[in-house]
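Report on one structure; see the data block that follows.
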Amino acid sequence: MIEVKQIAKRFGRLQVLKDINLHLEKGACIALIGPNGCGKTTLIKSILRMVLPDSGTILFDGADIKGNDAYRQYIGYMPQIGRYPENMTIGQVLNMIKGIRKHQGALDEDLYRQFAIGDMLHKKMRTLSGGTTQKVSATLAFMFQPQVLILDEPTAGLDPIASEILKEKIIAARNSGKLILITSHLLSELEGIVSHVIFMQEGQVVLHESVDELKKVTGQETIAKSIIHLLKKEGQ
């Protein structure tokens, strides 16, 4: 579905991505994890063409994404911090995005209903709490029935009930065969949700493995304990 080949990116003297190679398939729910500054966000933005790599190729369904913005209509993106026009209402933002996407077919309004977005359409974006902005971002990410979901710290700022609603939605999307890429610093949030783990350090992929295999190899019961076990082993 998405193939990353020899992607490299430098910002000034800092080499942020170092010849990244990945093959991401439909039906996988992948945790993209690693310390701050390891290149996770740059990799995501490269897939979205928000950052242009210095070298390498990214394929979406076998086609090079360079010069091909149409592929992005098949992706639902939830940023860690949603940036919306401050003076627009939630309703105006939703209508604006619907106009931009020009989606053909039924909309997925499940989160719209569960988050009670319809009761807040009159509220201006500048007045919203971080959690409510996250609800709007999540609603938009899923609304257009994308084949791929890229979710950057999706539960950050959400209250426990909203967080559980979103996690159930992610699991349902995984079970329906979508490709999902999630970044999170809270590894406990990923347990029972993701099927694979990509761990990055210093701009490189040091691990790309299924959760089951990761736990088997490390002999640990959770993703967090498995990653800690591997890091301790490397440090010896």
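Note that these values count all heavy atoms, side chains included, but never hydrogens, waters or copies made by symmetry.
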* Flag for Ser137-Tyr84: side-chain donor and acceptor within less than 3.5 Å ->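 On atom types as modelled, these side chains qualify, holding a pair under 3.5 Å.
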Carboxylate-amine/guanidinium proximity below 4.0 Å for [X] and [Y]:
{"X": "Asp110", "Y": "Lys169", "result": "yes"}
{"X": "Lys135", "Y": "Asp159", "result": "yes"}
{"X": "Asp54", "Y": "Arg10", "result": "no"}
{"X": "Lys215", "Y": "Glu191", "result": "yes"}

Following the transitive rule for hydrophobic clusters with a side-chain heavy-atom cut-off under 4.5 Å over Ile, Leu, Val, Met, Phe, Trp and Tyr, establish whether [X] and [Y] coincide in one cluster.
{"X": "Val206", "Y": "Ile44", "answer": "no"}
{"X": "Leu190", "Y": "Leu186", "answer": "no"}
{"X": "Met143", "Y": "Tyr74", "answer": "no"}
{"X": "Met96", "Y": "Met120", "answer": "yes"}
{"X": "Val205", "Y": "Leu230", "answer": "no"}

Test [X] against every option in [options] by the side chain to side chain contact (heavy atoms under 4.5 Å, CB included) rule and name the one that passes.
{"X": "Leu59", "options": "Lys66, Lys5, His23", "value": "Lys5"}
{"X": "Ile198", "options": "Leu24, Ile20, Leu207", "value": "Leu24"}
{"X": "Pro154", "options": "Leu166, Leu149, Ile180", "value": "Leu166"}

Are [X] and [Y] side-chain neighbours, meaning at least one heavy-atom pair lies under 4.5 Å?
{"X": "Val148", "Y": "Tyr77", "value": "no"}
{"X": "Ile117", "Y": "Leu94", "value": "yes"}
{"X": "Leu187", "Y": "Thr222", "value": "no"}
{"X": "Met1", "Y": "Gln147", "value": "yes"}
{"X": "Arg49", "Y": "Arg72", "value": "yes"}
{"X": "Leu179", "Y": "Glu25", "value": "no"}
{"X": "Ile30", "Y": "Val197", "value": "no"}
{"X": "Ile150", "Y": "Ile47", "value": "yes"}

Could you tell me whether [X] atom [atom1] has more than 12 heavy atoms of other residues or ligands within 6.0 Å of it?
{"X": "Ile100", "atom1": "CD1", "result": "yes"}
{"X": "Lys123", "atom1": "NZ", "result": "no"}
{"X": "Lys98", "atom1": "NZ", "result": "yes"}

Is there a donor-acceptor pair closer than 3.5 Å between any side-chain N or O of [X] and the backbone N or O of [Y]?
{"X": "Ser46", "Y": "Pro53", "value": "no"}
{"X": "Arg101", "Y": "Gln73", "value": "yes"}
{"X": "Ser163", "Y": "Pro160", "value": "no"}
{"X": "His229", "Y": "Lys232", "value": "no"}
{"X": "Lys9", "Y": "Leu52", "value": "yes"}
{"X": "Lys18", "Y": "Glu202", "value": "yes"}
{"X": "Asn21", "Y": "Gln6", "value": "yes"}
{"X": "Gln92", "Y": "Thr89", "value": "yes"}

* I would like to know whether Tyr71 and Asp61 meet side chain to side chain contact (heavy atoms under 4.5 Å, CB included); could you show each step before the answer? => CA-CA 9 Å; Tyr71 80 97; Asp61 269 353; over 6 Å; no
Between atom [atom1] of [X] and atom [atom2] of [Y], what is the distance when rounded to the nearest 0.5 Å?
{"X": "Phe144", "Y": "Asp108", "atom1": "CZ", "atom2": "CG", "value": "10.5 Å"}
{"X": "Glu209", "Y": "Phe199", "atom1": "CD", "atom2": "CZ", "value": "14.5 Å"}
{"X": "Leu181", "Y": "Ile2", "atom1": "CG", "atom2": "CD1", "value": "7.5 Å"}
{"X": "Thr127", "Y": "Lys124", "atom1": "OG1", "atom2": "NZ", "value": "9.0 Å"}
{"X": "Ile33", "Y": "Lys40", "atom1": "CD1", "atom2": "NZ", "value": "9.0 Å"}
{"X": "Leu121", "Y": "Asp119", "atom1": "CG", "atom2": "CG", "value": "8.0 Å"}

* Measure up the His208 and His196 rings against each other and bin them: parallel (under 30°), tilted (30 to 60°), perpendicular (over 60°). =>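 Aromatic pair His208/His196 classed perpendicular.
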Atom of [X], atom of [Y] and distance for their closest heavy-atom approach:
{"X": "Thr42", "Y": "Leu17", "result": "CG2-CD1, 3.7 Å"}
{"X": "Thr57", "Y": "Ile7", "result": "N-CD1, 3.5 Å"}
{"X": "Leu151", "Y": "Ala141", "result": "CD2-CB, 4.4 Å"}
{"X": "Leu214", "Y": "Ser226", "result": "CG-CB, 3.7 Å"}
{"X": "Ala8", "Y": "Gln15", "result": "CB-NE2, 3.9 Å"}
{"X": "Ser184", "Y": "Glu189", "result": "OG-CB, 4.5 Å"}

* What do the steps show when you test Asn95 against Ile97 for side chain to side chain contact (heavy atoms under 4.5 Å, CB included), and what is the final call? -> CA-CA 6 Å; Asn95 288 333; Ile97 302 300; over 6 Å; no
* Assess whether side chain to side chain contact (heavy atoms under 4.5 Å, CB included) is satisfied between Leu32 and Leu43, documenting all intermediate values. => CA-CA 10 Å; Leu32 178 60; Leu43 176 59; 4.3 Å; yes
* Are Ile90 and Met125 close enough, and set up right, to give a side chain to side chain contact (heavy atoms under 4.5 Å, CB included), and what steps lead you there? -> CA-CA 6 Å; Ile90 292 177; Met125 299 305 298; 3.8 Å; yes
